[in-house]
Amino acid sequence: MTVFFPWLFGFLIIFLFMLAFLMFKKHKVIFNLRSSTPKASLIKSDLPLSMEEYASDLTAPSPVMPQPQKPGEELPGKYNIDRLVLMARDPYWLYAYWEISAAIQEEFKTNYGPFAWGQSQPVLRVYDVTGTNFEKQSPLEYTDIPISDQVDDWYIQVGQPDRSFCIEVGRKFQNGHFVTLLRSNVVSTPRASLSEQVDEEWMWIEDLYRTIRHQYGVSSPLIEEEIAGRMGIVPLGISSPGF
Amino acid sequence: MPLGFLALVLHMHLPYVRHPENEHFLEERWFYEAVTETYLPLLQIFERLVNDNVPFRLTISLSPTLISMFTDPLLQQRYGNHLEKIIELADKEVGRTYNSPFHKTALMYQHRFRQARYLFNDVYQKQIIQGFKKYHDLGYLEIITCPATHGYLPLMMVQPETVRAQIATAVDVHRQYLGTLPLGIWLSECGYAQGIDDLLKEFKLRFFFTDTHGVLFASRRPRFGVFAPIYCPSGVAAFGRDVESSKQVWSAREGYPGDYDYREFYRDIGFDLDYDYIKPYIHPDGIRINTGIKYYRITGTTNHKEPYVFEWADNKAAVHAGNFMFNRQLQAAHLKKLMERPPLIVAPYDAELFGHWWFEGPLWLEYLIRKIHFDQDTLELITPSDYLTRFPCNQVAQPCASSWGNKGYHETWLNQANDWMYRHLHYAAAQMVELANSHPDAQGLLRRALNQAGRELVLAQSSDWAFMMSTRTTVNYALSRTKSHLSNVLKLIAQIKENHIDEGWLSSLESKNNIFPRLNYSWYQSHYRPDFS
């Protein structure tokens, strides 16, 4: 018994440590998903966790070696254009980046007063536009994501595969009034499962048959004979003319 | 009719790594190593198979950047020098290892490098592309294309014109060096999104590949799963990757390449040997690099490594080829019971896996092809266009946006390590389209500037840079390439707009980033449609 208790105690400590570690990790992920500014933090969760099957890992045979640092030209921070570009990253996440020019800010101030910019909250408004015509059909259901004036991109967790989305960047006043500054393109999240649609449609491409035969000079059933027929006559090292 | 078809697809691609400014640029070695270890060995097995009257059908996608490097005189000359140097080292190694367990392996390298030199200089007269063209023309290979600089198309669809320009460039390069229009395309990283197939159709491209779920999660449930292609509503066929056959080869743990008898990649004499001895064969600044000479087998999971024994590895390659074939036979026989037509198993791989990472990969492929021909009649090798010829009627469904990257969608190319690129890439792309539209018939210096802007843009769009940033391999290089090409486009655009083109600088860009000399800026015009008449 006297030996058992210190052991148990030790295991308990280890267990608690692991629990704390897991909680910390979980917390970190939530933090990453919600915020867009701490650039480096999500990278870790992007890395493959297991050793299996990452085809593209092997794309470029890149020798592991120290790289001589080269000065890279720096790119402009702004292009002075108004744009809000939305991309679907996967079935559950969208990514948006934007640039709001000084002209839009000025226009906003002209319309709502010189202090309106500071008194309003920057917001991303996310619309589910699946199967609708955004221009004609409003109001649509939306979700607002409060953001800060310092960010110009955001990962948006929509959590819905196979839906279409459009977002707006705008300012929200305390009374709830929302002013749209920019509207994005419409994107669709990819499916994440088998389709429920099981009725079948088939297509016969006759033209394909002709073209391939024409281009290759061999229709597949004949291919073995063709190859056998050519084999003896082609000198090595010299490419034969196309057809 | 066999019970099933097997479509082996090798995707060959390297980013454009040509650096005229420095003869010892480390990244150029990616190309040299792949030529010695992958591309020339593949040509050798094709030659052996043809000599032995073994018919086969293999699909190979040759990326336009790779074709450009194959055909570039500077890289050809430098590769020649590289070979001489490595042969010199191999010769020394034969002496150094005499009476040691490494001697036979040293002789093997000496022989291989000399063979590479013979193939490169004497057989193909430095034109490696002619080797691939030869087996394409003979009907053994179906060579297809891939986007010009391996641009990741789904994230470029914000400006479809630039996707079109990537494809237009690819088709042009393919036609220039292979003499035919490509019938299909390998979408970089299997990256697909709705709308891309419509652009492929403009170029008479008949098919592309997706990862398994690209076909499986199509808008209508595919009756045959991934074991038959589906037609997009545009009529372009999508072939889905088979999971089982991928795993057997790809997986680092359960896959063949991790076998203990195979050659260990990470024990290279560039790192293992005395600095003074190896100094002339590594980077002049003393940076140790892979020489390609590796004497150990994987041996086990620990750092303890035993000498490589080629006969054992060769034997394993044959065993694994047999195992792969056996599994495909079982798979085909099983699937045939469930389908009204022979199932098609699509097994695509990055070609550089074979020979470079998996040293015995080309041997495995050769054994597999021989066994399929001599040992059985359940399976038949086929290419996508052969298949579509035999089975022109296929189910119609909209494939699912997807890639073969981590998690199966676009995250590898869009995450916090690389998302900053897109505002610049999209801006440059939009400006490029606008300029192309506003200069319908540019001539002289203006035309040159527009064309070069197109080249710099496609170079910036390589999916490789975003990938390297994601995986944190050679990040500095990826950052520097992205930034320098982007800033070149931006500067050219500004000069064009201000009507003040710096001809000296433009000429220096044209000679430094000389990829795709035939690239035509009009391919970026919104109304541009290819004309193949």
Side-chain angles (χ1 to χ4, degrees), chain A residues 39-40 42-43 46 48 51-63 65-67 69-70 72-73 75 79 85 87 89-91 95 97 153 190-191 193-195 197-206 208-209 212-213 215 218-220 223-224 226-227 230-231 234 237 239-240 242, chain B residues 30 33-34 55 123 130 133-134 137 139 158 179-180 189 217 219-221 223 231 235 247 250-253 287 289-290 350 352-353 356-357 385-386 388-390 392-393 395-396 400-401 404-406 409-411 414-417 423-424 426-427 464 473-474 476-477 479-480 483-484 486-487:
Chain A
K39 285 274 175 189
L42 210 135
I43 297 171
D46 290 337
M51 294 290 284
E52 65 162 57
E53 229 217 319
Y54 294 112
S56 36
D57 283 1
L58 295 150
T59 308
S62 39
M65 62 183 74
Q67 293 298 310
Q69 182 94 33
K70 292 171 289 288
E73 284 93 325
L75 297 165
Y79 290 102
V85 176
M87 298 189 267
R89 191 189 76 178
D90 56 45
Y95 172 72
Y97 69 82
D153 67 342
R191 303 187 57 85
S193 57
L194 279 174
S195 172
Q197 218 178 325
V198 288
D199 55 322
E200 291 172 19
E201 187 187 319
W202 291 74
M203 193 193 290
W204 175 279
I205 302 188
E206 181 60 39
L208 186 76
Y209 184 70
I212 291 174
R213 190 139 77 161
Q215 288 218 354
V218 278
S219 69
S220 298
I223 199 150
E224 293 197 6
E226 274 287 325
I227 291 169
R230 286 177 180 189
M231 207 118 44
V234 180
S239 65
S240 62
Chain B
W30 300 346
E33 287 171 15
V123 177
Q130 289 303 324
K133 182 176 189 300
K134 175 177 140 189
D137 292 342
V158 179
T180 54
E189 314 291 359
F217 295 170
S219 61
R220 287 164 193 268
R221 193 175 290 193
R223 188 203 290 191
Y231 283 135
K247 258 197 174 161
W250 274 123
S251 168
R253 239 192 336 231
I287 304 167
I289 50 176
N290 286 319
D350 273 333
E352 292 75 24
L353 171 76
H356 182 71
W357 290 101
S385 69
D386 294 346
L388 291 172
T389 307
R390 289 198 196 182
C393 186
Q395 197 182 343
V396 181
C400 176
W404 76 352
N406 189 14
Y409 296 92
H410 311 315
E411 193 175 335
L414 177 62
N415 59 63
Q416 300 206 356
R423 64 175 66 233
H424 302 289
H426 292 164
Y427 176 79
D464 309 275
T473 45
T474 56
N476 284 336
Y477 183 69
L479 285 173
S480 141
K483 288 180 180 175
S484 73
L486 272 171
S487 82

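Chain letters run A, B, ... following the sequence lines, proteins first, then strands; residues in each count from 1.
Within the 4.5 Å cutoff, the side chain of His426(B) has heavy atoms near those of the Tyr97(A) side chain. The side-chain heavy atoms of Pro91(A) and Tyr409(B), taken from C-beta on, include a pair separated by under 4.5 Å.
For the residue pair Leu414(B) and Tyr95(A), the shortest heavy atom distance occurs at CD1-CD2, 3.6 Å. Pairing each heavy atom of His424(B) with each of Tyr79(A), the nearest pair is ND1-OH, 2.6 Å. Taking every heavy atom of both residues into account, Glu411(B) and Asp90(A) meet most closely at OE1-OD2, 3.8 Å. Closest approach of Ser219(B) to Ser195(A), counting heavy atoms only: O-OG, 2.5 Å.
Partners of Arg423(B) under the salt bridge (Lys or Arg N to Asp or Glu O under 4.0 Å) rule, at least two apart in sequence or in another chain, are Asp152(A). By the salt bridge (Lys or Arg N to Asp or Glu O under 4.0 Å) test, Arg191(A) is found to be paired with Asp162(A), residues two or more places apart in sequence or in another chain being considered.
Here CG of Asp199(A) is found 4.5 Å from CZ of Arg220(B). Values are rounded to the nearest 0.5 Å.
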